[in-house]
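Notes to accompany the following structure.
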Amino acid sequence: MFGYRVPAPDEAMLISGGQRGLAGAPFRVVTGHGTFVLPVFRKVRFLTLAMCEAEVAETCVTKQGIALTVRAVIAFKVGNDSESIVNAGQRFLSDQDQMSVLTGRIFAGHLRAIIGSMTVEEIVTERQKLATEVLDTSKAEMAKIGLIVDSLQIQSIDDGDTGYIVAMSAPHRAAIQRQAQIAQAQAAQAAAEAEQQSARQQAEYARQTAVVKAQYSAEVDQAQAQAAQAGPLAQAHAQQEVLAAQTELAQRAAELRQQQLVAEIVKPAEAEAERIRVVAQAEAERMKIQAEAAASHDRVALDRMLIDQLPQIVKEAAGGLAGANVNVLNGTDGLGEIAAGLVSQGLTILESVRSGLGTQQGRVHQNGERAGLEPGQ
């Protein structure tokens with residue numbers, strides 16, 4: 001629109017020709033918005049609010065009398081407030097490049113003053129302290145011309161050919177070199193130890209491998225030896241088992257033979273002895289019967305008595321055989337033969353008794369006749 005002016009974001013619009021500005025300034029300050037400006041009656045100028053830079057390269061003498069060349073960079077700008085804009089506009093509006101020149105000169109003077117009160121060691125080791133002191137001392141002076149400093153950086157400090165800074169740094173360089181050598185020696189030692197450890201580990205691995213191989217070889221040899229001995233050992237075990245079986249068989253054969261001998265010799269002898277005992281008992285019984293018969297002279301009574309005693313005689317014989325351990329070899333037939341034998345023995349004993357009694361009675365009759373007695377007496 002005709003007559004409407006707007007400043008850039010990093011500019012301040014200064015309008016002159018009308019009413020005065022702040023504190024009697026010959027212009028009004030407009031920032032951040034536009035306004036109508038009457039042509040011919042008003043004049044508009046623009047002051048930059050952007051960041052500016054000034055470089056300083058100044059030779060300064062320290063407290064020790066040593067000349068140092070200090071290089072620094074200052075970042076500054078016009079303040080955003082109206083007072084700073086008015087101050088800067090009145091000084092730099094026609095030639096705004098003079099802001100950098102004047103700022104450099106101001107800071108050069110403050111650097112010379114502050115470095116003159118410090119030693120080289122302080123300047124070199126405390127650069128931030130130097131920058132802070134320069135900013136503090138220049139702040140009021142910069143504010144008078146409407147400028148503010150954002151930062152001050154000391155780029156370099158050089159003592160020329162005096163070699164003071166180099167000499168000052170020699171102990172540090174020596175210490176650093178010494179530390180570097182120590183670190184290098186430690187690294188070499190660590191590398192050597194690592195190499196030795198690796199060699200030991202390899203040797204240990206080789207030893208363990210050799211041990212394992214030896215154990216494996218020993219196990220293989222043992223297995224082969226056992227395999228080689230397996231055949232003879234198995235044959236020996238088999239022969240031992242055969243011998244054990246033969247021994248057991250011989251023992252059984254001996255036991256069987258012993259039982260046969262007992263059955264063939266001992267038991268029959270025991271049975272014969274028992275038979276003799278039974279016969280002797282029967283003979284004794286016969287003698288008793290004869291005595292009784294001699295007293296009664298009764299043949300019928302004698303026969304009756306013998307018949308009555310026959311079962312007892314057979315029973316006694318059977319009892320004697322029951323006490324003998326006689327093996328019956330032919331089962332039921334053998335039992336029948338034994339029973340028949342017992343009966344036959346009883347009848348034989350009965351016949352023997354009767355014959356004996358008959359003989360005894362004859363002798364009695366003969367004796368009676370000789371004595372003149374009757375046969376019935």
Side-chain angles (χ1 to χ4, degrees), residues 171-280 315-342 344-345:
H172 300 286
R173 288 200 305 270
I176 292 174
Q177 290 177 357
R178 182 172 61 255
Q179 292 176 357
Q181 292 174 356
I182 293 173
Q184 185 176 2
Q186 290 176 349
Q189 182 179 0
E193 291 177 355
E195 185 176 358
Q196 293 176 359
Q197 180 67 21
S198 176
R200 286 195 295 268
Q201 291 178 352
Q202 291 178 0
E204 179 64 19
Y205 178 77
R207 186 189 67 81
Q208 293 178 356
T209 302
V211 170
V212 171
K213 287 183 178 179
Q215 291 177 351
Y216 178 75
S217 178
E219 292 177 358
V220 171
D221 294 341
Q222 183 179 3
Q224 290 178 352
Q226 291 178 353
Q229 296 175 357
L233 287 175
Q235 185 176 2
H237 286 307
Q239 291 177 356
Q240 184 177 3
E241 292 178 357
V242 170
L243 291 175
Q246 291 177 352
T247 301
E248 184 179 359
L249 181 61
Q251 291 177 353
R252 291 183 179 179
E255 293 176 355
L256 180 61
R257 181 57 182 164
Q258 183 179 4
Q259 294 176 359
Q260 290 177 353
L261 291 175
V262 170
E264 293 175 358
I265 298 175
V266 177
K267 297 302 181 182
E270 292 178 351
E272 179 64 19
E274 183 66 20
R275 185 187 67 78
I276 293 172
R277 185 181 67 81
V278 171
V279 170
K315 181 179 179 180
E316 292 293 335
L321 292 177
N325 188 9
V326 179
N327 291 329
V328 180
L329 300 179
N330 53 356
T332 305
D333 295 336
L335 292 174
E337 292 177 359
I338 292 173
L342 293 175
S344 176
Q345 290 180 3

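- Counting heavy-atom neighbours within 6.0 Å of Gln184 CD, excluding the residue itself, gives a total of 12 or less.
- Interatomic distance, Arg252 CZ to Gln259 CD, rounded to the nearest 0.5 Å: 12.0 Å.
- To the nearest 0.5 Å, atoms NE2 (His237) and CD (Gln235) are separated by 11.5 Å.
- Minimum interatomic distance between Ala263 and Pro268 (heavy atoms only, all atoms of both residues): O-CD, 3.0 Å.
- Checking Gln189 against Glu193 by side-chain atom types alone, a donor-acceptor pair falls below 3.5 Å.
- Other residues, nucleotides and ligands contribute more than 12 heavy atoms inside 6.0 Å of the CD atom of Gln208.
- Here the side chain of Thr247 pairs a donor or acceptor atom with the backbone of Leu243 at under 3.5 angstrom.
- The 12-atom threshold is not exceeded at CD of Gln258, counting heavy atoms of other residues, nucleotides or ligands nearer than 6.0 Å.
- With salt bridges taken as basic N to acidic carboxylate O contacts below 4.0 Å, one links Glu204 and Arg207.
- Separation of atoms CG (Leu261) and CZ (Arg257) is listed at 4.0 Å; rounding is to 0.5 Å.
- Taken from CD in Gln202 to CZ in Arg200, the straight-line distance is 11.5 Å, to the nearest 0.5 Å.
- For Thr209 (side chain) and Tyr205 (main-chain N/O), a donor-acceptor pair under 3.5 Å exists by modelled atom type.
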